[in-house]
Amino acid sequence: MPTITIDGEEVQVEPGTTVFQACQSIGIEIPHFCYHERLSIAGNCRMCLVEMEKSPKPIASCAMPAADGMVISTNTESVRLAREGVMEFLLINHPLDCPICDQGGECDLQDQAMGYGRDESRYLENKRAVIEKNFGPLIKTYMTRCIHCTRCVRFMEEVAGVPQLGGLWRGEDMEITTIIESGLNSEMSGNIIDLCPVGALTSKPYAFSARSWELRKTESIDVLDAVGSNIRVDARGNQVMRILPRVNENVNQEWIGDKTRFAYDGLLRQRLDRPYLRNSKGRLEPVSWAKAFSAIKNRLNNLDGSQIGGIAGDLCDCESMLAFKDLISGLGSPNIDCRQDGAALPPNIRSGYLFNSGIAGIDEADLCLLVGSNPRIEAPIINARIRERWLRGDLIVARIGEVEDLTFRVRDLGGGASTLQDLISGDHDFCKDLKNAKRPMLILGQGPLARIDGDAILSAVRLLATRFNFVKDGWNGFNVLHTAAARVGGMDLGLTPKNGGLGTRAMRKAAADGKLKALYLLGADEMDMSDLGEAFVIYQGHHGDRGAHSADVILAGAAYTEKSGHYVNTEGRVQRGSPATQPPGEAREDWSILRALSEVLGNTLEYDNISELRRSMIYHVPHFAKLNAIENAVWEKFGESGEMDLSGGIFKSSIQDYYMTDSISRTSKVMAECSRCFIKIDGATGTDG
């Protein structure tokens with residue numbers, strides 16, 4: 001290992017380490033703008049200049065590999081003067097608009113100008129001006145402020161895989177712009193706002209809304225997909241002002257998807273802030289909690305348990321789902337389900353519904369087979385992780401399903417069941433690659449599982465995994481990619497039919513036939529409500545979406561930013577979200593509503609506060625006590641007989657519009673604008689930004 005001397009201290013570093021990284025490793029701060037640990041080295045800004053013995057001039061430490069015997073000085077007079085000179089050049093054309101810049105208070109240029117710059121300017125000529133660019137509905141540009149660090153260009157090309165940004169012209173005339181005059185068509189484009197070290201790229205929805213020091217910052221978990229991205233919710237008063245990523249190397253690294261970042265304006269619209277009851281004229285009218293509970297009691301008390309059903313939605317926290325399960329069970333009903341799309345996920349077999357290799361496990365795979373999954377829109381963070389692994393080389397990615405651009409090269413094997421059967425029988429050309437793979441992984445999407453033949457598809461895929469050793473000592477490459485934040489938690493807690501109970505599809509059919517008299521929807525909005533017949537529908541949730549429109553009684557709950565709750569992501573990692581604001585009006589946390597209702601129904605739940613509820617949750621499912629950890633699931637064989645009745649048709653993703661997947665994003669004006677600009681409709685794509 002090379003040994004270098006930095007400011008008189010000898011340091012041993014790994015081969016390939018740069019001088020900049022070596023300085024960081026011993027706590028020496030080197031100012032920089034263009035360098036970022038997850039991006040390729042550009043060496044544009046020159047702020048990281050240091051002295052190297054026998055070098056006639058200062059070197060850019062970010063681009064210089066550390067070599068044995070190097071002697072580096074980081075705090076000499078010549079280094080100080082060099083940094084002051086570079087800073088002076090960077091500020092030559094930078095406008096003096098810090099008081100109106102959204103980056104003010106958290107700007108790298110401000111901080112480093114204070115720490116390493118001069119206290120005066122010798123530049124008397126006019127500053128240049130750059131016409132603002134169209135980066136779409138999410139990113140506001142002030143390109144006069146740009147210092148040409150190219151972080152945004154490198155991120156879009158290397159991480160997002162959408163090379164739509166670049167630099168035109170040279171020197172002082174250089175401009176960062178899109179290749180064509182249109183918005184950035186990427187599900188991760190908002191991350192360039194965080195990467196920009198100046199105020200050139202800012203959030204368009206957040207523009208001129210607040211200052212960073214005015215905001216109350218709360219660490220929480222995203223629930224708009226099943227990745228469980230770690231986020232920070234910034235709020236002022238009782239309003240969420242913005243959402244930013246937190247670093248978690250095992251989950252989202254330091255990125256988040258655009259829906260996670262920008263859909264927060266949906267938290268303000270179409271909110272349910274009080275209970276409602278449908279009157280004799282068929283209209284919903286606001287009522288008191290007591291009257292709403294009384295109406296529910298009057299309808300449920302005369303029903304047999306088999307005539308009552310409960311369906312939990314995609315955004316529910318684990319506390320509310322356990323209380324929901326206990327309430328439905330207390331009514332004597334075995335009809336409960338958390339799979340509102342009818343996905344064929346196996347109850348009580350945890351390895352059958354987890355992303356078993358883990359999100360970080362993608363880094364170790366040498367082959368990835370996608371079955372009916374489009375991770376770019378189902379889980380952009382996971383797609384970026386696959387791309388990161390693909391860029392390192394020696395990763396084969398193949399797909400059974402629709403042909404879509406995933407931002408990396410994919411080998412298309414076929415569209416549906418016939419291809420899957422050919423692989424199982426060993427008649428496909430790709431079987432050779434499957435046999436040679438040392439750490440293969442298979443990613444099964446929710447689209448195929450939600451088909452009528454979902455059970456057969458699951459059995460076929462598990463048989464394929466078994467025959468080609470996707471599961472072996474120290475490695476489980478069988479992965480189910482979920483799209484709902486509540487799904488794994490609901491499966492862990494047992495929100496599936498018991499003792500002959502009905503699942504989602506069967507409950508809907510029973511309601512249409514008049515056999516199911518009452519249906520309780522806990523935030524369930526992603527299912528067809530048109531075939532519920534004359535069933536008495538109770539909807540508990542936070543938005544006036546599909547479930548509320550079909551309800552006879554509405555109970556106003558809290559959104560994910562307004563309550564404390566546990567969520568289990570697609571890989572089985574238990575995480576806890578925290579409240580950043582309070583529920584609006586008379587809305588309450590879901591578990592407390594269920595607890596109060598149980599008392600009115602004469603079957604009081606056994607817990608009086610959230611601490612007791614969590615103790616009950618851990619008692620039933622012990623791994624809920626292990627926050628931020630994954631409880632490995634034992635691989636169990638089931639349904640792998642080889643006798644599978646697969647129907648035709650292409651395996652399709654369960655998501656068609658990335659920006660419209662839940663009750664929050666559907667009410668977001670920002671997401672509606674993104675959908676209009678970027679989603680293909682009849683073969684056309686909006687590009688007018």
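Here the structure is a predicted model, which is why all the values come from computation and not from measurement.
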| message | Any non-hydrogen side-chain atom of Met188 less than 4.5 Å from a side-chain atom of Phe155? | response | yes
| Stepwise salt bridge (charged side-chain N to carboxylate O under 4.0 Å, His left out) test for Arg666 and Asp662 | CA-CA 6 Å; Arg666 279 192 292 270; Asp662 55 84; over 6 Å; no
| request: Please name the residue in the list Asp363, Asn476, Asn479 that meets the side-chain hydrogen bond (donor to acceptor under 3.5 Å, both in side chains) test with Ser357. | output: Asn479
| query | Between Gln421 and His428, does any side-chain donor sit less than 3.5 Å from a side-chain acceptor? | reply | no
| request: Quick one: sort the His566 and Phe624 rings into parallel, tilted or perpendicular, breaks at 30° and 60°. | output: perpendicular
| task | Please name all residues satisfying ring-ring contact (aromatic ring centres under 6.0 Å, His included) with Phe135, sequence neighbours left out, ordered by chain then number. | result | none
| message | Test of understanding: with salt bridge (Lys or Arg N to Asp or Glu O under 4.0 Å), list the residues that count as partners of Arg439, not counting sequence neighbours. | response | Glu364
| query | Got a sec: does the CZ of Arg392 have more than 12 other heavy atoms crowding it under 6.0 Å? | reply | yes
| message | Given Asn230, which partner from the list Asn250, Asn248, Asp222 fulfils the side-chain hydrogen bond (donor to acceptor under 3.5 Å, both in side chains) test? | response | Asn248
| field | Counterpart residues, ring-ring contact (aromatic ring centres under 6.0 Å, His included), relative to Tyr659 (two or more places apart) | value | none
| request: State which residues pass salt bridge (Lys or Arg N to Asp or Glu O under 4.0 Å) with Asp366; sequence neighbours excluded, sorted by chain then number. | output: none
| said: Among residues at least two apart in sequence or on other chains, which ones pass side chain to side chain contact (heavy atoms under 4.5 Å, CB included) with Thr177? | reply: Lys133, Leu168
| query | Centre of Trp635's six-membered ring, under 6.0 Å away, within 45 degrees of the axis: is that where NZ or CZ of Arg462 sits? | reply | yes
| Pi-cation contact, Tyr206 with Arg242 (under 6.0 Å, within 45°) | yes
| message | Strictly distance-based, threshold 3.5 Å: is any side-chain N or O of Ser675 a donor or acceptor partner for the main-chain N or O of Met671? | response | no
| message | Looking only at side-chain N and O atoms, does Ser668 offer a donor or acceptor that is under 3.5 Å from a partner on Asp265? | response | yes
| request: Would you indicate whether Lys472, at its atom NZ, is surrounded by more than 12 heavy atoms from other residues, nucleotides or ligands within a distance under 6.0 Å? | output: yes
| request: Tell me, please, which residues at least two apart from Tyr560 pass ring-ring contact (aromatic ring centres under 6.0 Å, His included). | output: none
| Do Lys435 and Phe468 meet the cation-pi criteria used here (NZ or CZ under 6.0 Å from the six-membered ring centre, within 45° of the axis)? | no
